[in-house]
Amino acid sequence: MSQDTYYSYQNQLLRELNWIWQLHKVDTLLGLVYVYLSFFMFNYVGYSKVYDVVLPFILCSTSIAYLTYIITNPQVRGNTQPYYFGLPRDRKLVWDGLVAYLMLAMVAMVLVTVAGGIYKVGSRGITPYYRFHPEVFCLPLVCMVLVLFIIQGKRSLTRSIQFLVLVTLFGLALWQWWDFSFRDFAGKHNDFIPVHELAWSTQLGIALIVLFCCLGALWKLRTSWIAQEWGELR
Amino acid sequence: MNIVEMDHAVRFFGATPAVTDMCLAVPKGSVFGLLGENGSGKTTSIKMMMGALIPQEGTVRVFGVDPLTLKPEQRARIAYIADDMGLPNWMKLSEGMALHRSYFQQWDQGVADERLERYGLRLNQSFGTLSKGQKRQFLLTLALAQQPDLLILDEPASGLDVSVRRDFLDSLMELANTREVSVLLSSHILTDVERVVDHVSFMKKGACVRQANLEDMKEGIKRLCFSENQDRDVLLQSFSILQEKQVQGGYQVVVEDFAAERMDGLDCHVEHLNLEELFLVFNALSDVGAVR
């Protein structure tokens, strides 16, 4: 095989994805187990099943945020450096590998969430929950930001996925308490159907805001990568 | 020809200076020692060479090009080992080697097998079960099997006991002698470095204070021990003095331009300096910046 073929873009990208998988397969599988278990963790008798649908989605976000952080910052664990800059990798390809990984992770997240939701509330029942609770679009983002903030801590405990799942569950409990205490929907009194369904335009607006925020974040990430401000080891 | 060059490279972390004015030239085929105290900027300099950190000012060149723009096939010619490197503890050596091997077209499995046998390592072992010395030996095995032209070692022998350290350095010597490999080595253990390097660079506060061929440096820098009767002015006219110290019954000076023929008429005896003593001399210098 010629040198050009051996180090071609496609071959290097495959090596990147293989490298990500080989190095993080344990955490990935652990994260998926937590997500799977979360479908069985709560059973709110008398309350809306929306939380059953949302919960795995949030935990997926936690897992993905965690994995993304340790993959993009390999020095966090101190033992992955050889694979970061001791190997013949180039920055652009690492960037492309990360984007490919994120896309795959997002697809997996959506599949797991939808499958889990359908399992819980049936294929017909899943849509209303998202219509009545557009904030579920925002919560994963909030969750990812919090995880990325928490994981910056120096202690190894705060860098473990178990700790992050625990913190996420605590946050969810707070969210539900706030929902049940101060919001007038999804309770026994209204037969678990919110009083006011949001207009489609409002829901669309929320979805678009979230989408543009994601696009903006990706664009910022790419420009800072090109400007070589990101991806450094210290 | 120089395989690595740094020209007034500067790197800050926030407001903290890590490398303030680094100039360096590693000749091809040399075993180069990068020496300095903790926090003098050795690791930051190495990371700039590897393209892991970007200099804010100045330039860095590896194989004549900016390390950030090295293509994978060029990068494959560089091997790197640092003291805090390793694989995940759960990973088998065979898995680690397979991952590593996939990135190198010129991988030599024969070299890897020979090294594994020599170090008594088994591929079905997990990385976490190895001792510190064995971990370093495995990383060296990976580095050597990739057939590098440049081997960069950042504190490779720290934390190892004497016999393992010596074996590790002997491997380096063997590599430098049998293949045309340039080695850049940073270490605190100067007795080890002295055994293997032929060029050295002393770093202080983020800058290179002196770089030279070690033998030339030892030839030129000597400690002269004088009695109190010796006229100091004569001495100052004769030599460029790096360090001066009062001792009982006289004084000692370290000069950097020693020549035996200039000793005529001077009442003194000459002492040779080893690398550790040279290091202490340069580390005590107050002026930082000029590379010679």
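Here is how names work: the chains are called A, B, and so on, in the same order as the sequence lines, proteins then strands, and each is numbered from 1.
Within 6.0 Å of atom CZ in B/R166, 12 or fewer heavy atoms from other residues, nucleotides or ligands are found, so the atom counts as exposed in its surroundings. Atom CD of B/E117 has 12 or fewer neighbouring heavy atoms from other residues, nucleotides or ligands inside a 6.0 Å radius.
Panel note: side chain A/Y7, backbone B/Q105; a donor-acceptor pair is recorded below 3.5 Å.
Neither the backbone nor the side chain of B/A79 has a heavy atom closer than 4.5 Å to any heavy atom of chain A. Contacts of B/F104 with chain A are made by both backbone and side-chain atoms, with heavy-atom separations under 4.5 Å. For A/S2, the part sitting under 4.5 Å from any heavy atom of chain B is the backbone (N, CA, C, O) and nothing else.
We find the CG-OH distance between A/N18 and B/Y103 to be 7.5 Å, quoted to the nearest 0.5 Å.
Nearest approach of A/R15 to B/S102, heavy atoms of both residues: NE-O, 2.7 Å.
A 4.5 Å side-chain heavy-atom check between B/Q106 and A/Y6 finds every atom pair outside the cut-off.
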